[in-house]
Amino acid sequence: MPAKLLTTLLCYDDHRTFTEDVRKRFSDTTRYEVVSFHTKQDLLNQCNKESDNSSCKVAIVGVPDTKEQFQAIDEMTMEIKRIDPRTGLILLVAGDKMEDLKKVVRFNIDAYIPRNANTILRLHNTVKKIISEHSIGIFKKRRNLSLWFLFGFLILSALVLVIAYLRFPNYF
């Protein structure tokens, strides 16, 4: 069984509304690291620091209720994906603003989650899905490397067998 991956949850919470609930839900410090930010620049600086790290990263962005800030959120998500395309993005939105936000922010978002009583549960399920996708990607790379070694060994074995047949035909 492989070692547990450390998942970093980067929470952008400018009004400090959901970060404590996220910390309570992801309280296992051996598997999760929850980091909270109140400014966009702090979040982007942390993404720059962790861009070379191969662990699973999920950015949880609490979207403000005003429609004027949707374009700023779109720019921030594009910047996060530019820094590290493997980072998962989850947007927490007020339920009535969901469709307006989807029109503005269309690309590179893993999940739009409405703010209600089930927000933390949906957030937990989405983070688990992103972690699973990250793990599948790692195992896929390992499988492909193993297959290349297997094919190389089979070709080398066949070559040695042909050379041995041509060199020592009396043994075959």
Exercise. Considering only heavy atoms from C-beta outward, does the side chain of Q46 approach that of K49 to under 4.5 Å?
Worked result: yes
Exercise. Less than 4.5 Å apart, any side-chain heavy atom of I73 and any of P64?
Worked result: yes
Seminar exercise, completed: Closest non-hydrogen atoms of P114 and G95, given as atom of the first, atom of the second and distance, are CB-CA, 4.2 Å
Exercise. Are V104 and Y112 co-members of a hydrophobic cluster defined by side-chain heavy atoms under 4.5 Å apart?
Worked result: yes
Exercise. What is the distance from atom CD1 of I155 to atom CG of L150, rounded to the nearest 0.5 Å?
Worked result: 10.0 Å
For this session: Enter the distance from E133:CD to I131:CD1 here, rounded to the nearest 0.5 Å.
Result: 10.5 Å
For this session: For F18 and T119, run side-chain contact (heavy atoms from CB on, under 4.5 Å): C-alpha distance rounded to whole Å, both residues' side-chain angles, the deciding distance at 0.1 Å, then the answer.
Result: CA-CA 9 Å; F18 66 89; T119 300; over 6 Å; no
Exercise. When K57 is tested against each of T7, D84, T87 for side chain to side chain donor-acceptor pair (under 3.5 Å), which residue passes?
Worked result: D84
Exercise. Backbone N or O of T19 within a donor-acceptor pair of the D13 side chain at under 3.5 Å?
Worked result: yes
For this session: Take atom CZ of R167 as the centre, draw a 6.0 Å sphere, and report whether it contains more than 12 heavy atoms from other residues, nucleotides or ligands.
Result: no
Exercise. Side-chain heavy atoms under 4.5 angstrom apart, residues restricted to Ile, Leu, Val, Met, Phe, Trp, Tyr: same cluster for Y12 and V34?
Worked result: no
For this session: List the steps and the verdict of side-chain contact (heavy atoms from CB on, under 4.5 Å) for L43 and M76.
Result: CA-CA 9 Å; L43 175 64; M76 183 176 66; 4.0 Å; yes
Exercise. Under a single-linkage definition using a 4.5 Å side-chain heavy-atom cutoff for Ile, Leu, Val, Met, Phe, Trp and Tyr, are V58 and I109 assigned to the same hydrophobic cluster?
Worked result: no
For this session: Taking all non-hydrogen atoms of both residues into account, name the closest pair between R115 and L92 and its distance.
Result: NH2-O, 3.6 Å
Exercise. Should the heavy atoms of other residues, nucleotides or ligands under 6.0 Å from CZ of F172 be counted, would the total exceed 12?
Worked result: yes
Exercise. How far does CD1 of I90 sit from CD1 of I113, to the nearest 0.5 angstrom?
Worked result: 5.0 Å
Exercise. Taking C-beta and beyond as the side chain, do F26 and H124 meet within less than 4.5 Å on heavy atoms?
Worked result: yes
For this session: Evaluate the criterion side-chain contact (heavy atoms from CB on, under 4.5 Å) for residue pair K97 and V63; output intermediate values, then yes/no.
Result: CA-CA 10 Å; K97 308 282 190 214; V63 178; over 6 Å; no
Exercise. Just wondering, do V22 and Y32 contact through their side chains at under 4.5 Å, heavy atoms?
Worked result: no
Exercise. Taking C-beta and beyond as the side chain, do C47 and E79 meet within less than 4.5 Å on heavy atoms?
Worked result: no
Problem set entry | Rounded distance [0.5 Å steps], CG in D74 versus CG in L91 | 9.5 Å
Exercise. Atom CG in N144, atom CH2 in W148: separation rounded to 0.5 Å?
Worked result: 9.0 Å
Problem set entry | ILVMFWY network linking V35 to I80, side-chain heavy atoms under 4.5 angstrom | yes
For this session: I would like to know whether N108 and T77 meet side-chain contact (heavy atoms from CB on, under 4.5 Å); could you show each step before the answer?
Result: CA-CA 8 Å; N108 300 324; T77 58; 6.0 Å; no
Exercise. Is L161 close to Y165 at the side-chain level, that is, under 4.5 Å between some pair of heavy atoms?
Worked result: no
Exercise. What are the two closest heavy atoms between R25 and L121, and how far apart are they?
Worked result: NH2-CD1, 3.6 Å
For this session: Check whether any side-chain heavy atom of L123 sits under 4.5 Å from a side-chain heavy atom of D21, and report yes or no.
Result: no
Problem set entry | Minimum heavy-atom distance I83-L44, with the two atoms named | CD1-O, 3.9 Å
Seminar exercise, completed: d(L147 CG, R142 CZ) to nearest 0.5 Å is 14.5 Å
Exercise. Can a donor-acceptor pair be found between the side chains of N45 and Q41 at a distance below 3.5 Å?
Worked result: yes
For this session: Look only at the side chain of D110 and the backbone of L89, and say whether a donor-acceptor pair between them is shorter than 3.5 Å.
Result: yes
For this session: Answer whether the closest heavy-atom distance between the side chains of S36 and R23 falls below 4.5 Å.
Result: yes
